There are 2 protein chains.
Amino acid sequence: MKKAEAYNRLVEKGIRPSVQRLAILDYLIKHPTHPNIEDVYKALENKVPTLSRTTVYNTLRMLSEVNAAQMITINEHRVCYDGNIEPHVHFYCKNCGKIIDLFDEQAPRVTETKVIDGNIVQEEQLYYKGICSACAQKMEKKTN
Amino acid sequence: MKKAEAYNRLVEKGIRPSVQRLAILDYLIKHPTHPNIEDVYKALENKVPTLSRTTVYNTLRMLSEVNAAQMITINEHRVCYDGNIEPHVHFYCKNCGKIIDLFDEQAPRVTETKVIDGNIVQEEQLYYKGICSACAQKMEKKTN
DNA sequence: ATGGGTGCAAAGGATTTGCAACATT
DNA sequence: AATGTTGCAAATCCTTTGCACCCAT
């Protein structure tokens with residue numbers, strides 16, 4: 001249950017590693033399931049009894065602002081987060097809403113600062129949308 | 001002020017071209033500014049006096065479901081829409097929230113149905129995040 | 001007349017805000 | 001003591017829903 005990685009990442013980014021922040025980032029790193037705010041809150045409310053949703057909101061926003069986590073906004077009205085900050089492609093299932101990592105797809109590479117028409121690019125995101133394999137199977141069954 | 005393109009696109013997709021739907025899709029096609037629901041509503045409420053936000057919501061959702069428009073979800077809690085259904089890269093300014101089209105960047109091509117690990121890919125989206133040229137200039141001024 | 005389309009008002013949820021309490025240096 | 005953090009409750013804002021009306025076929 002070491003939280004070394006979370007701890008280091010916070011310190012590197014100049015963020016004071018409070019109990020809450022450590023717990024949240026550690027959870028994110030250890031659970032690459034693209035949790036949303038509520039998921040994180042539910043998972044931690046027992047371990048960090050005083051934890052509030054507000055803190056989860058604030059912390060996750062801050063983490064994504066300093067690139068200590070990735071904010072994923074594919075799902076229309078439910079932001080979720082990814083503790084994996086290596087660039088990788090995401091697949092979003094329109095049916096069940098699940099987000100799957102596609103590590104084998106070529107992701108836009110992190111270049112040194114790239115400028116296009118004067119616009120300074122800091123992050124790149126590529127995602128696919130469609131039907132995930134689990135949902136596709138279920139649908140096939142019903143059709144038969 | 002012809003709405004031929006909007007009309008044709010609706011009919012092609014099997015959607016009845018009501019006054020409201022025509023107005024909304026036409027607006028989207030003629031204003032490639034990535035408007036959100038409110039933008040579209042404000043722009044049309046005078047021209048289509050009875051128009052309701054509900055109809056804008058319903059119509060834009062429907063249009064994106066049948067691929068007569070693109071739903072863009074970069075901005076955390078404000079979905080916006082694009083009448084341009086050719087694949088192209090979007091740039092999102094973290095500072096002012098503006099979304100800019102990058103037609104010269106290579107966009108993920110629309111392939112025939114692509115399947116990855118059993119997941120059926122139907123759409124692909126690539127976007128960049130950073131600071132747009134206008135904001136970058138303003139910031140530079142302040143710094144000097 | 002009938003089925004789809006629209007619009008109002010109300011409900012529902014997610015996120016933000018203001019502020020007081022708290023922890024840490 | 002001073003500064004940065006946290007958490008509660010309330011406020012806000014976006015979106016959806018239920019239902020009645022309306023229009024076109």
Side-chain angles (χ1 to χ4, degrees), chain A residues 3 6-7 9-11 13-27 34-66 68-69 71-81 94 97 99, chain B residues 3 6-7 9-11 13-27 34-66 68-69 71-81 94 97 99:
Chain A
K3 299 187 179 179
Y7 184 90
R9 207 183 284 183
L10 287 176
V11 173
K13 302 290 184 179
I15 296 172
R16 199 184 292 186
S18 70
V19 173
Q20 291 87 338
R21 289 168 179 173
L22 259 176
I24 292 169
L25 181 51
D26 182 63
Y27 179 83
H34 312 99
N36 57 37
I37 304 278
E38 195 64 17
D39 295 333
V40 174
Y41 176 72
K42 288 286 180 208
L44 296 178
E45 62 176 341
N46 292 322
K47 293 173 188 166
V48 186
T50 71
L51 189 66
S52 74
R53 251 172 273 261
T54 304
T55 297
V56 179
Y57 275 103
N58 292 340
T59 301
L60 288 175
R61 174 145 39 106
M62 159 182 271
L63 291 177
S64 72
E65 277 171 1
V66 302
M71 182 173 65
I72 302 175
T73 56
I74 307 176
N75 190 339
E76 304 163 57
H77 290 287
R78 200 128 192 180
V79 173
C80 65
Y81 292 87
K94 289 175 175 180
I99 291 175
Chain B
K3 299 187 179 178
Y7 184 90
R9 208 184 283 182
L10 288 176
V11 174
K13 302 290 183 179
I15 296 173
R16 198 182 295 186
S18 71
V19 173
Q20 291 87 337
R21 289 169 178 172
L22 258 176
I24 292 169
L25 181 50
D26 182 64
Y27 179 83
H34 313 97
N36 58 39
I37 304 279
E38 195 63 18
D39 295 334
V40 174
Y41 176 72
K42 287 287 180 206
L44 296 178
E45 63 176 338
N46 292 320
K47 293 173 189 166
V48 186
T50 69
L51 189 67
S52 74
R53 253 172 273 261
T54 305
T55 297
V56 179
Y57 275 102
N58 291 339
T59 302
L60 288 176
R61 173 146 40 104
M62 159 182 271
L63 291 177
S64 71
E65 277 170 0
V66 301
M71 181 173 63
I72 302 174
T73 57
I74 307 176
N75 190 338
E76 305 164 56
H77 289 290
R78 201 126 190 183
V79 174
C80 64
Y81 292 86
K94 290 175 174 180
I99 292 175

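All chains are named by letter (A, B, ...) in the order of the sequence lines, taking the proteins before the strands, and each is independently numbered beginning at 1. Because the structure is a prediction, the values reported are computed rather than measured.
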Reading DNA chain C from 5' onward, which residue's closest nucleotide shows up sooner: B:R16 or B:Y41?
B:R16
Judged by nearest nucleotide, the residue sitting upstream toward the 5' end of DNA chain C, B:S18 or B:E76, is B:S18
Tell me whether the side-chain N/O atoms of B:Y57 come closer than 4.0 Å to OP1 or OP2 in D:dT15.
yes
For [X] versus [Y], what's the shortest heavy-atom pair and its separation?
| X | Y | result |
| --- | --- | --- |
| A:A68 | A:R9 | O-NH1, 2.8 Å |
| B:Y81 | B:I37 | CE1-CD1, 3.9 Å |
| A:V56 | A:I24 | CA-CD1, 3.9 Å |

Rounding to an integer number of Å, can you tell me how far [X] [atom1] sits from [N] [atom2]?
| X | N | atom1 | atom2 | answer |
| --- | --- | --- | --- | --- |
| B:E38 | D:dC13 | CD | P | 11 Å |
| B:R53 | D:dG18 | CZ | C1' | 19 Å |
| A:R78 | D:dT15 | CZ | P | 15 Å |
| B:N75 | D:dC14 | CG | C1' | 12 Å |
| B:Y81 | D:dC14 | OH | C1' | 12 Å |
| B:N58 | D:dC19 | CG | P | 16 Å |
| B:N36 | D:dC14 | CG | P | 8 Å |

d(A:L25 CG, A:L60 CG) to nearest 0.5 Å is 9.0 Å
When rounded to the nearest 0.5 angstrom, what is the spacing between CG in A:L63 and CZ in A:R21?
8.5 Å
Give the C-alpha distance, both sets of side-chain angles, the deciding distance and a yes or no for side chain to side chain contact (heavy atoms under 4.5 Å, CB included) between A:C80 and A:I99.
CA-CA 9 Å; A:C80 65; A:I99 291 175; 3.5 Å; yes
At a heavy-atom distance below 4.0 Å, which nucleotide of DNA chain C is the first touched by chain A, and which is the last?
C:dA14 to C:dT17
Side chain to side chain contact (heavy atoms under 4.5 Å, CB included) between B:T55 and B:T59, worked out:
CA-CA 6 Å; B:T55 297; B:T59 302; 3.7 Å; yes
Would you classify A:Q20 as touching base, sugar-phosphate or nothing, given that sugar-phosphate means primed atoms plus P, OP1 and OP2, and contacts are heavy atoms under 4.0 Å?
sugar-phosphate
